[in-house]
Engineer: 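Provided herewith is a single structure, encoded as structure tokens, for subsequent inquiry.
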Amino acid sequence: MTTRTRFAPSPTGFFHIGSARTALFNWLFARHTGGTFVLRIEDTDKERNTDEALRVILDGMRWLGLQWDEGPEAGGARGPYFQSQRGDLYRAQLKVLADKGRAYERDGAWWFRLEGERHLEFDDFAKREVEKVRAAPAVIDDLVRGRVERAEDRDFVLFRANGEPVFHFVNVVDDIAMGITHVIRGEDHLSNTSKHVELFRAFGAPLPTYAHIPLILKTDGPGKMSKRDRGALVEEYRARGYLPEAVRNYLCLLGWTPKDGRTVLPIGDIIAQFELRDIHQANARFDERKMASVNQDTLRALPPAEFARLATARLAAAGIAPPADRLAPVLAAAQPKLSALEHLPEFVGYFFSDDYARSPEALEGLSRKGGDPAARVREALPSLEAAAWDAPGIDAALAAAAAAHGQKPSAYMAPIRYGVSGQAGGPHFHDVLALLGKDRCLARLRAFAA
RNA sequence: GCCCCCUUCGUCUAGCCCGGUCAGGACACCUCGCUUUCACUGAGGUAACUGGGGUUCGAAUCCCCAAGGGGGCGCCA
């Protein structure tokens, strides 16, 4: 039997990192098993569904490289893939349940009828007397959680009085109609799964295999990641210049661990190793620093041509667009030292303009550990002016200045770097000086020392 | 209030199923090295089995209880 998984987002205008991870695990499992990955849009709540909201999801999925086999803009034999277009099916399936005596109308809405002894009881949560049912517990054989039993104890709504079907109903009807074999979703759905099992059984349909994956929690503070948390939205990483394969790689690490012990690895290797049984049971806390570290490693490992392509676009967006022949050597020097594309403009901007920003924090740090940076530059200037402008020549100049003023040669490097770039860090010292050229370096150093 | 899930370094985790290792790795942090900066790199270091009972010669690992964390309980998805 070929596997069929699905990701069924509701277009809210955001692509939450937790949703992306759910989509990712469904995609990974489909790819691992050679199955089909379906994208279904749960847009039953008409109020807040817009084209832009849909785009956020589709663009985000494609950006992460999670191409779906069936769904919007991909087609497929089990469509349409928008729930807003499947109303006839839902009404027909409601009638099926009604004919079996498992659905009934009350207060203008249609309800699912549980099987079991009924009685009235005061409900502490609803704060009123309600009709409870002693139904047999639904049994879920979850690939991640193991055997879970939970009993529903109240009839629940299938169709609202306004004629719209509710999530639990459309979700199950579609999963049956679309032949979904594995339901991989967040643990927040585990308690609701008993409703879904009741529906599958009422329809006489076989249960899919369930895998409820752990949630992603806030970095600090209580609860799961929410839209308002920093780093919670896929589109945020895209805007900041994160590499999609790095974001995807990090997401794999929340709730799953590669068997080979690597943390940064190609997606093909992840697909080959990915098993639902290996998904963790405990919730994972989001760590932006580790994500940044994965992004950094991925960035450094990029083929230089690919790095150059992305870097050029990033710089252009910041208004820095030098000719390719001037840019290429700078980018070659920058790639091994850069932590994120996001920082590229200030990392290399001073190569292309004399109007660059000086970092006050960098100056403060320099002064704190090395004395007066301008004084060091004044000491080094005469020998630099006489130096041959290559690494040995500059080293000799620094050594001469050091000998004359009772300093270590290294004491001059940070002040000189700051003098020519306004930064505390950057490409290798010698690369910076060579790429800027002697004249520009000396001019900047004189200005700084004055 | 009721129900469900979970519990190893600050964080992500390996180990747990099939009891016996100085409880391993990664990120972060700290220290030192690279006559010489750096968002680089190398070498070290700090740091964890939630608690209590039980079974056992022996428990992170098996069982029970408690506590803590998370989720669900809607005519939202």
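Labels below follow one simple rule: chain letters A, B, ... track the order of the sequence lines, proteins then strands, and each chain is numbered from 1.
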Engineer: Check the distance between B:A39's P and A:His428's NE2 and give it to me in whole angstrom.
Structural biologist: 13 Å
Engineer: Under 4.0 Å between a side-chain N or O of A:His280 and OP1 or OP2 of B:C6?
Structural biologist: no
Engineer: Could you check whether A:Ala424 gets within reach of a base, just the sugar-phosphate, or nothing at all, counting any heavy atom under 4.0 Å?
Structural biologist: sugar-phosphate
Engineer: With centres under 5.5 Å and planes under 30°, do A:Phe347 and B:A39 count as stacked?
Structural biologist: no
Engineer: Does A:Tyr412 stack onto the base of B:U37, taking stacking as ring centres under 5.5 Å apart and planes under 30° apart?
Structural biologist: no
Engineer: Between A:Asp229 and A:Lys218, is there a side-chain N and carboxylate O pair less than 4.0 Å apart?
Structural biologist: yes
Engineer: With respect to the phosphate group of B:G74, does any side-chain polar atom (N or O) of A:Arg154 fall under 4.0 Å of OP1 or OP2?
Structural biologist: yes
Engineer: Mind checking the C1' distance from B:G58 to B:A39? Whole angstroms is fine.
Structural biologist: 49 Å
Engineer: Write down the distance separating the C1' atoms in B:C4 and B:C16, rounded off to the nearest Å.
Structural biologist: 23 Å
Engineer: Is there a side-chain contact between A:Gln281 and the phosphate of B:C6, meaning an N or O under 4.0 Å from OP1 or OP2?
Structural biologist: yes
Engineer: Roughly, in whole Å, what's the span from CG in A:Leu398 to P in B:U37?
Structural biologist: 12 Å
Engineer: In whole Å, what is the span from the CZ atom of A:Phe156 to the P atom of B:G72?
Structural biologist: 17 Å
Engineer: For B:C27 and A:Ser293 - does any side-chain N or O of the residue sit under 4.0 Å from the phosphate oxygens OP1/OP2?
Structural biologist: no
Engineer: Determine the Euclidean distance between corresponding P atoms of B:G69 and B:U46; express it in Å to zero decimal places.
Structural biologist: 31 Å
Engineer: Does a side-chain N or O of A:Arg160 approach OP1 or OP2 of B:C76 to a distance below 4.0 Å, or not?
Structural biologist: yes
Engineer: Check the distance between B:C73's P and A:Lys132's NZ and give it to me in whole angstrom.
Structural biologist: 14 Å
Engineer: With the side chain of A:Lys337 defined as its heavy atoms from C-beta on, choose the nearest nucleotide among B:U13, B:C38, B:C27.
Structural biologist: B:C38
Engineer: Should the pair A:Trp256 and A:Phe274 be assigned to parallel (<30°), tilted (30 to 60°) or perpendicular (>60°) ring geometry?
Structural biologist: tilted
Engineer: Which class fits the ring pair A:Phe7 and A:Phe15: parallel under 30°, tilted 30 to 60°, perpendicular over 60°?
Structural biologist: tilted
Engineer: I'd like to know if A:Arg185 and A:Glu187 make a salt bridge, using a cut-off of under 4.0 Å between side-chain N and carboxylate O.
Structural biologist: no
Engineer: What integer number of Å spans the P atoms of B:G70 and B:U8?
Structural biologist: 14 Å
Engineer: Could you tell me if A:Ser421 and A:Arg358 have a donor-acceptor pair between their side chains, going purely by distance under 3.5 Å?
Structural biologist: no
Engineer: Could you state the atom-to-atom distance from CG of A:Leu338 to P of B:C40 in whole Å?
Structural biologist: 11 Å
Engineer: Using the P atom as the point on both nucleotides, what is the distance between B:G15 and B:G25, in whole Å?
Structural biologist: 15 Å
Engineer: Would you say A:Gln296 places a side-chain N or O within less than 4.0 Å of OP1 or OP2 belonging to B:C40?
Structural biologist: yes
Engineer: Quick check for you: among B:G1, B:A77, B:C12, whose closest atom lies nearest to any side-chain atom of A:Ala284?
Structural biologist: B:C12
Engineer: Nearest whole angstrom, please: distance from the C1' of B:G1 to the CZ of A:Phe122.
Structural biologist: 10 Å
Engineer: Which nucleotide in the list B:U7, B:G71, B:U36 gets nearest to the side chain of A:Met413?
Structural biologist: B:U36
Engineer: Side-chain contact, heavy-atom cut-off 4.5 Å: A:Val183 with A:His212?
Structural biologist: no
Engineer: Quickly work out the A:Leu254 CG to B:C6 C1' distance and round it to whole Å.
Structural biologist: 16 Å
Engineer: Provide, to the nearest angstrom, the distance between the NE2 atom belonging to A:His168 and the C1' atom belonging to B:C76.
Structural biologist: 9 Å
Engineer: Does A:Lys408 have a side-chain nitrogen or oxygen under 4.0 Å from the phosphate oxygens OP1 or OP2 of B:U36?
Structural biologist: yes
